[in-house]
Novice: 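First the structure, which I've put down as structure tokens, then a few questions once you've had a look.
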Amino acid sequence: MSIYHERRKQPGAAKQVEPIATANDSLEFSAPGADQAEAQNMAWMRKARPVEYMLPATRRWLEALPPGIRPLTLAQQYARIANLLAQQWNDDKACRAYFDDLLTGRRGKRRGFPANVRRELWTLRAHYQRIRVTVDGPLAIV
């Protein structure tokens with residue numbers, strides 16, 4: 001789940017776009033019946049980039065956490081991750097999966113988080129698991 005929009009088809013984008021070979025074999029794209037500005041404006045196709053600053057909802061989420069649990073270094077250095085954690089905090093399955101993804105190295109040659117950020121993530125995860133057991137009752141899987 002993401003707070004960013006998925007790619008969507010542009011309204012009226014059912015027009016066929018076909019490559020046309022030129023004399024020097026480079027490709028140009030032509031949209032039959034479309035005006036030149038519309039054909040060149042492909043911004044609607046780009047995937048949304050994560051914001052690199054804390055959203056207001058993330059600030060409220062941080063303030064609601066106990067002072068010793070707040071991942072302040074994470075929020076300062078990796079605001080996009082704090083934003084996603086705040087957004088997924090009440091979705092148990094998504095939040096647990098995101099913690100697992102963040103704390104296990106399944107993505108190749110990434111360096112990982114600095115020690116202080118990793119420590120904050122482990123502390124936050126332990127806190128999350130404690131409060132979820134309390135909320136979900138004794139049968140919750142931790």
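For reference, positions follow the sequence shown, starting with 1.
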Novice: Residues in side-chain hydrogen bond (donor to acceptor under 3.5 Å, both in side chains) with Thr123, at least two apart?
Specialist: none
Novice: About how many Å separate CZ of Arg60 and CG of Leu55, when rounded to the nearest 0.5 Å?
Specialist: 9.5 Å
Novice: By ring pair (Phe, Tyr, Trp, His ring centres under 6.0 Å), which residues pair with Tyr78, not counting sequence neighbours?
Specialist: Phe113
Novice: With side-chain contact (heavy atoms from CB on, under 4.5 Å) as the criterion, how do Leu124 and Trp89 come out once you've worked through the C-alpha distance, each side chain's angles and the decisive distance to 0.1 Å?
Specialist: CA-CA 11 Å; Leu124 185 62; Trp89 191 254; 3.7 Å; yes
Novice: So Arg118 and Leu121, side-chain contact (heavy atoms from CB on, under 4.5 Å) or not? Walk me through it.
Specialist: CA-CA 5 Å; Arg118 194 171 44 251; Leu121 282 168; 5.6 Å; no
Novice: Between Asp100 and Arg96, is there a salt bridge with N-O shorter than 4.0 Å?
Specialist: no
Novice: Could you go through residues 68-77 and list every donor-acceptor pair under 3.5 Å that involves a side-chain atom there, pairing it with any protein atom two or more places apart or in another chain?
Specialist:
{"from": "Arg70", "atom 1": "NE", "to": "Leu62", "atom 2": "O", "distance (Å)": "2.9"}
{"from": "Arg70", "atom 1": "NE", "to": "Leu65", "atom 2": "O", "distance (Å)": "3.0"}
{"from": "Arg70", "atom 1": "NH2", "to": "Glu63", "atom 2": "O", "distance (Å)": "3.1"}
{"from": "Arg70", "atom 1": "NH2", "to": "Leu65", "atom 2": "O", "distance (Å)": "3.2"}
{"from": "Thr73", "atom 1": "OG1", "to": "Glu120", "atom 2": "OE2", "distance (Å)": "3.2"}

Novice: Could you walk me through whether Tyr128 and Leu85 pass side-chain contact (heavy atoms from CB on, under 4.5 Å), step by step?
Specialist: CA-CA 11 Å; Tyr128 181 80; Leu85 280 169; over 6 Å; no
Novice: Working note: Asn83 + Tyr53, criterion side-chain contact (heavy atoms from CB on, under 4.5 Å); need CA distance, chi angles, decisive distance, verdict.
Specialist: CA-CA 8 Å; Asn83 290 336; Tyr53 57 89; 6.0 Å; no
